[in-house]
Amino acid sequence: MAGEIPDLVALERTGTGKGAARQARRDGLVPGVVFGGDKEPVAINLPFNVLLARLKKGRFKSTLFNLKIEGHEDVRVICRDVQRDVVKDLPTHVDLMRLRRTTKINLFIPVEFINEADAPGLKKGGVLTAVRPEVELVVTAGDIPEKLTVDLTGLNIGDTVTISDITLPAGTKPTIDRDFVIANISAPSGLRSAGEADDEEPAEVPATAQSDD
């Protein structure tokens, strides 16, 4: 089931308009707005340093947050837009959208590999390569899987795991239609193929005929 959803703490912004937004930026805050969910929009401020750190982690727009505003009930939100300064490329405004539990959204879900000790290919020295350590899925906001589990039992060198090999939670599906690779077990890089000869004898050079002159 759903893992822990990160908190995003905001302050309700009392003023509106460009003047209030400029004052927020001078105070080390980034103005924003929360909308949707059949409720009135709420003007907010987010701490600049906290928001910048979140943005640097990546995938801010595809991460579900638990928005906490004093005086309001916690609500699940997802970012719909981040406006940036055209010169400094720093955030200047954020749009957050409230989500119902039945809302479908795209999220990256981490992949966990289990039973490595039961994979013959790994016992032989094979290397597990996680082609996709995360998979983007269409999920329901109220039922987000914490992770996708890949069972490596019985896998040998040369075997691959595709998305069709994973049992997805009900109500979820990949954003990619084709049966893409999640991971594979490959031979060690120093291992030569069976058909490659290690000790080839040099070809014998025929003796040159000498004349009797």
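None of these values were measured; they are calculated from a predicted model. Along the sequence shown, residues are numbered consecutively beginning with 1. Scope of the values below: all heavy atoms of this structure, side chains included, with no hydrogens, waters or symmetry mates.
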### Task
Sort out for me which residue in Ile105, Thr140, Val77, Val75 forms a side chain to side chain contact (heavy atoms under 4.5 Å, CB included) with Leu99.
Ile105
### Query
Any idea which heavy atoms bring Thr172 and Pro145 closest together, and the distance?
CG2-CD, 4.3 Å
### Summary
Interatomic distance, CG@Asp74 vs NZ@Lys68, rounded to 0.5 Å, equals 3.5 Å
### Task
Take atom NZ of Lys173 as the centre, draw a 6.0 Å sphere, and report whether it contains more than 12 heavy atoms from other residues, nucleotides or ligands.
no
### Minimum heavy-atom distance Pro6-Thr63, with the two atoms named
CG-CG2, 4.1 Å
### Task
Quick one: pull up CG in Leu8 and CG in Leu51 and give me the separation to the nearest 0.5 Å.
7.5 Å
### Message
Heavy-atom count check: over 12 atoms from other residues, nucleotides or ligands less than 6.0 Å from Lys104 NZ?
### Response
yes
### Criterion side chain to side chain contact (heavy atoms under 4.5 Å, CB included) on Ser62 and Asn106, from CA distance to verdict
CA-CA 6 Å; Ser62 60; Asn106 292 9; 5.8 Å; no
### Query
Please walk me through it: do Val131 and Phe180 pass side chain to side chain contact (heavy atoms under 4.5 Å, CB included)?
CA-CA 10 Å; Val131 179; Phe180 53 88; over 6 Å; no
### Query
Nearest 0.5 Å, what's the NZ-NE2 distance between Lys39 and His72?
9.5 Å
### Message
Are the side chains of Thr92 and Arg25 in contact, using a 4.5 Å heavy-atom criterion?
### Response
yes
## Note on the structure
Here the pair of heavy atoms bringing Ala183 nearest to Ala130 is CB-CA, 4.1 Å
#### Entry: Rounded distance (nearest 0.5 Å) linking atom CG of Leu11 with atom CD1 of Ile44
9.0 Å
### Query
For the hydrophobic clusters of this structure (ILVMFWY residues joined by side-chain heavy atoms under 4.5 Å, transitively), does one cluster hold both Val30 and Met97?
no
### Message
Would you say that Val139 contacts Leu64 through its side chain, given a criterion of any heavy-atom pair below 4.5 Å between the two side chains?
### Response
no
#### Entry: Side-chain heavy-atom pair Ile163, Leu168 within 4.5 angstrom cut-off
yes
### Heavy-atom pair with the smallest gap, counting every atom of Gly126 and Pro188
CA-CD, 4.2 Å
### Task
Report the C-alpha distance between Val150 and Asp165 in whole Å, list the side-chain angles of each, state the deciding distance to 0.1 Å, and finish with yes or no for side chain to side chain contact (heavy atoms under 4.5 Å, CB included).
CA-CA 8 Å; Val150 174; Asp165 296 319; over 6 Å; no
### Task
Measure the spacing between CG of Asn115 and OG1 of Thr153 and express it to the nearest 0.5 Å.
3.5 Å
### Message
Has Arg76 got a side-chain atom pairing as donor or acceptor with Arg101's backbone, closer than 3.5 angstrom?
### Response
no
### Query
Between Val42 and Arg98, is any pair of side-chain heavy atoms under 4.5 Å apart?
yes
### Minimum heavy-atom distance Leu96-Cys79, with the two atoms named
CD2-CA, 3.8 Å
### Task
For Arg100, enumerate each residue passing the salt bridge (charged side-chain N to carboxylate O under 4.0 Å, His left out) test, keeping only those at least two apart in sequence or located in another chain.
Asp38
### Query
Side chains of Leu128 and Leu155: does their closest heavy-atom pair fall under 4.5 Å?
no
### Query
Do other residues, nucleotides or ligands put more than 12 heavy atoms under 6.0 Å from the CD atom of Glu70?
no
### Query
Do Asp27 and Asn45 have side chains that get closer than 4.5 Å, going by heavy atoms?
no
### With His93, the side chain to side chain contact (heavy atoms under 4.5 Å, CB included) member among Leu46, Val33, Val82
Val33
### Task
State, to 0.1 Å, how close Thr129 and Ser186 come at their nearest heavy-atom pair, and which atoms those are.
OG1-OG, 4.2 Å
### Task
Indicate, with yes or no, if Ile166 and Leu107 share a hydrophobic cluster defined by side-chain heavy-atom contacts under 4.5 Å among Ile, Leu, Val, Met, Phe, Trp and Tyr.
yes
### Task
Evaluate the side-chain proximity of Asp81 to Lys61: yes if any heavy-atom separation is below 4.5 Å, no if none is.
yes
### Query
Would Ile182 end up clustered with Ile176 when hydrophobic side chains under 4.5 Å apart are linked, directly or stepwise?
yes
### Query
Between Ile78 and Ile69, is there a shared hydrophobic cluster once you connect ILVMFWY residues whose side-chain heavy atoms come closer than 4.5 Å?
no
### Query
Is it true that Phe108 and Ile144 fall in one hydrophobic cluster, defined by side-chain heavy atoms closer than 4.5 Å?
no
### Message
Please report the interatomic distance CG(Leu52) to CZ(Phe60), rounded to the nearest 0.5 Å.
### Response
10.5 Å
### Message
Is it the case that atom CG in Asp177 sees more than 12 heavy atoms from other parts of the structure closer than 6.0 Å?
### Response
no
### Residue pair Ile109, Val135: steps toward the side chain to side chain contact (heavy atoms under 4.5 Å, CB included) verdict
CA-CA 5 Å; Ile109 306 299; Val135 176; 5.6 Å; no
### Query
Do Pro120 and Asn156 come close enough that some side-chain heavy atom pair is under 4.5 Å?
yes
